[in-house]
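A short write-up of the structure that comes next.
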Amino acid sequence: MSSESRTAVVIPAAGRGVRLGPGAPKALRALNGTPMLIHAIRAMAASRAVSLVVVVAPPDGAAEVKTLLDDHALPERTDFVVVPGGQSRQESVRAGLDVLPPGIDIVLVHDAARPLVPVDTVDGVIRAVREGAPAVVPALPLTDTVKQVEPAATPGEAEPVVATPERARLRAVQTPQGFDRATLVRAHESVTDNVTDDASMVEQLGLPVVVVPGHEEAFKVTRPLDLVLAEAVLARRRANDGF
Ligand SMILES: Nc1ccn([C@@H]2O[C@H](COP(=O)(O)OP(=O)(O)OP(=O)(O)O)[C@@H](O)[C@H]2O)c(=O)n1
Ligand SMILES: C[C@](O)(CO)[C@H](O)COP(=O)(O)O
């Protein structure tokens, strides 16, 4: 795939954020006064390779998200489209894929819940797809040891350990995940079981998925402490930028 390839980003932002606790849908919650979704859109549109961003809004929130985009400064070289999402992340990504115009050949899928991904990580994923990988994931080595367990039948019960996978071979996977468009569309058409990321659907097709370096600031805002961390990262960036 050449450097002439056109790249679009699908941002699934339709989740409730149950693990974050009560409040507005997660993507619409503020980080230092700006909705998380706007941070995520700016992070992706910071890549000069990205010409289109498709935002997948909460099912009944597309109008609100369109207003949000109108009310915030976004790069003029990028086009924006908003569509309503579905009941699962997979359904939401599919809704975004369905509205991609002809001429797009690389698609990134990026969680709205990862608002602080640096542009170098985005560009690294795009570069690897351009170099020929059908699917690319940014990832980091793990710092904790991981145990495989027999899940408890009742919450809170002790769980027997079944195995300890070799940590050096494990990676914690982030987004944006990058794909040759035809591969991602085929994966979404063929795989019907519920999966937690898009790359695993490509794995199920038997196609190669490669890992490029992720970034610690590309973490997912999932639980309340992650909001504290995200605001601290923004404060550090502001201090480093000198304003
Ligand atoms: N039906 C859904 C569910 C999730 N997502 C999006 O998928 C991304 C990753 O999901 P996650 O962090 O799990 O978000 P939630 O599903 O909102 O979180 P929770 O499981 O705590 O409710 C988020 O940007 C979320 O908005 C989506 O677009 N549509
Ligand atoms: C796609 C993802 O962010 C990769 O780590 C993750 O799998 C999303 O999982 P979630 O349970 O929907 O947060």
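Order of listing sets the numbers, starting from 1, for every ligand and every atom in it. Nothing here was measured: the structure is a model prediction, and the numbers come from that model.
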Hydrophobic cluster membership, with links at side-chain heavy-atom distances under 4.5 Å among I/L/V/M/F/W/Y: are [X] and [Y] in one?
X      : Y      : answer
Met36  : Ile41  : no
Val109 : Leu116 : no
Leu184 : Val191 : no
Met201 : Val185 : no

**Message:** Out of the candidates His215, Met44, Gln174, only one should pair with Val117 under the side chain to side chain contact (heavy atoms under 4.5 Å, CB included) rule; please name it.
**Reply:**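 It is Met44, the one option of His215, Met44, Gln174 that forms the side chain to side chain contact (heavy atoms under 4.5 Å, CB included) with Val117.
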
The single option from Val125, Val129, Val136 that satisfies side chain to side chain contact (heavy atoms under 4.5 Å, CB included) with Ile106 is Val129

Looking at Arg237 and Glu217, is there a salt bridge between them, counting it only when a charged N and a carboxylate O are closer than 4.0 Å?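 The answer is yes: the pair qualifies as a salt bridge.
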
Discussion item. Check Asp123 with Arg48, please: is the shortest side-chain N to carboxylate O separation under 4.0 Å?
Written reply: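 Salt bridge between Arg48 and Asp123, a charged N being under 4.0 Å from a carboxylate O: no.
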
Return the closest protein heavy atom for [atom] as residue, atom name and distance.
atom                    : answer
atom 28 (O) of ligand 1 : Ala14 N, 2.8 Å
atom 13 (O) of ligand 1 : Arg19 NH2, 2.7 Å
atom 26 (O) of ligand 1 : Gly15 N, 2.9 Å
atom 10 (O) of ligand 1 : Arg89 CD, 4.4 Å

Return a yes/no value for [X]: is any of its N or O atoms, backbone included, closer than 3.5 angstrom to an N or O of ligand 1?
X      : answer
Pro12  : yes
Leu20  : no
Ala112 : yes

Interatomic distance, Arg167 atom CZ to Asp144 atom CG [nearest 0.5 angstrom]
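Answer rounded to 0.5 Å: 7.5 Å.
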
Closer than 4.0 Å to some heavy atom of [X] - which atoms of ligand 1 meet that?
X      : answer
Ala113 : 12 (O), 24 (O)
Gly17  : 15 (P), 17 (O), 18 (O), 19 (P), 21 (O), 22 (O)
Val18  : 19 (P), 21 (O), 22 (O)
Ser92  : 1 (N), 2 (C), 27 (C), 28 (O), 29 (N)

Where does [X] meet ligand 1, judged by heavy-atom distances below 4.0 Å: at the side chain, the backbone, both, or neither?
X      : answer
Lys220 : side chain
Lys26  : side chain
Pro25  : neither

Show me the short polar-atom pairs for ligand 2: any N or O of it lying under 3.5 Å from a protein N or O, with distances only.
{"residue": "ligand 2", "atom": "3 (O)", "partner": "Asp111", "partner atom": "OD2", "Å": "2.6"}
{"residue": "ligand 2", "atom": "3 (O)", "partner": "Arg114", "partner atom": "NE", "Å": "3.4"}
{"residue": "ligand 2", "atom": "3 (O)", "partner": "Arg114", "partner atom": "NH2", "Å": "2.8"}
{"residue": "ligand 2", "atom": "5 (O)", "partner": "Arg114", "partner atom": "NH2", "Å": "3.0"}
{"residue": "ligand 2", "atom": "5 (O)", "partner": "Val173", "partner atom": "O", "Å": "2.6"}
{"residue": "ligand 2", "atom": "7 (O)", "partner": "Thr196", "partner atom": "O", "Å": "2.7"}
{"residue": "ligand 2", "atom": "11 (O)", "partner": "Arg19", "partner atom": "NH2", "Å": "3.3"}
{"residue": "ligand 2", "atom": "13 (O)", "partner": "Arg19", "partner atom": "NH2", "Å": "3.1"}
{"residue": "ligand 2", "atom": "13 (O)", "partner": "Lys220", "partner atom": "NZ", "Å": "2.4"}

On a heavy-atom basis, which atom in Ala13 and which in Leu37 lie closest, and how many Å separate them?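 Reported closest heavy-atom pair: CB-CD1, 3.9 Å.
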
### Options Leu28, Asp111, Asp197, Thr222, ranked by nearest heavy atom to atom 9 (C) of ligand 1, top entry
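Comparing heavy atoms across Leu28, Asp111, Asp197, Thr222, the nearest one to atom 9 (C) of ligand 1 lies in Asp111.
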
Looking only at non-hydrogen atoms, the one of Ala95, Gly86, Pro59, Gly85 nearest atom 1 (N) of ligand 1 is Gly86

query: Would Asp197 and Arg89 count as a salt bridge (charged side-chain N to carboxylate O under 4.0 Å, His left out) if you check the C-alpha gap in whole Å, the side-chain angles of each, and the deciding distance to 0.1 Å?
result: CA-CA 8 Å; Asp197 79 341; Arg89 185 182 182 283; over 6 Å; no

Under a heavy-atom criterion of less than 4.0 Å, does Ala27 contact ligand 1?
no

Exercise. Check salt bridge (Lys or Arg N to Asp or Glu O under 4.0 Å) between Arg6 and all other residues, then give those that pass, not counting sequence neighbours.
Key: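 Partners of Arg6 under the salt bridge (Lys or Arg N to Asp or Glu O under 4.0 Å) test: none.
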
Might you confirm whether atom CD of Glu76 has over 12 heavy atoms from other residues, nucleotides or ligands at distances under 6.0 Å? no

Candidate pair Leu227 and Leu31, rule side-chain contact (heavy atoms from CB on, under 4.5 Å), full reasoning: CA-CA 7 Å; Leu227 284 177; Leu31 281 182; 3.7 Å; yes

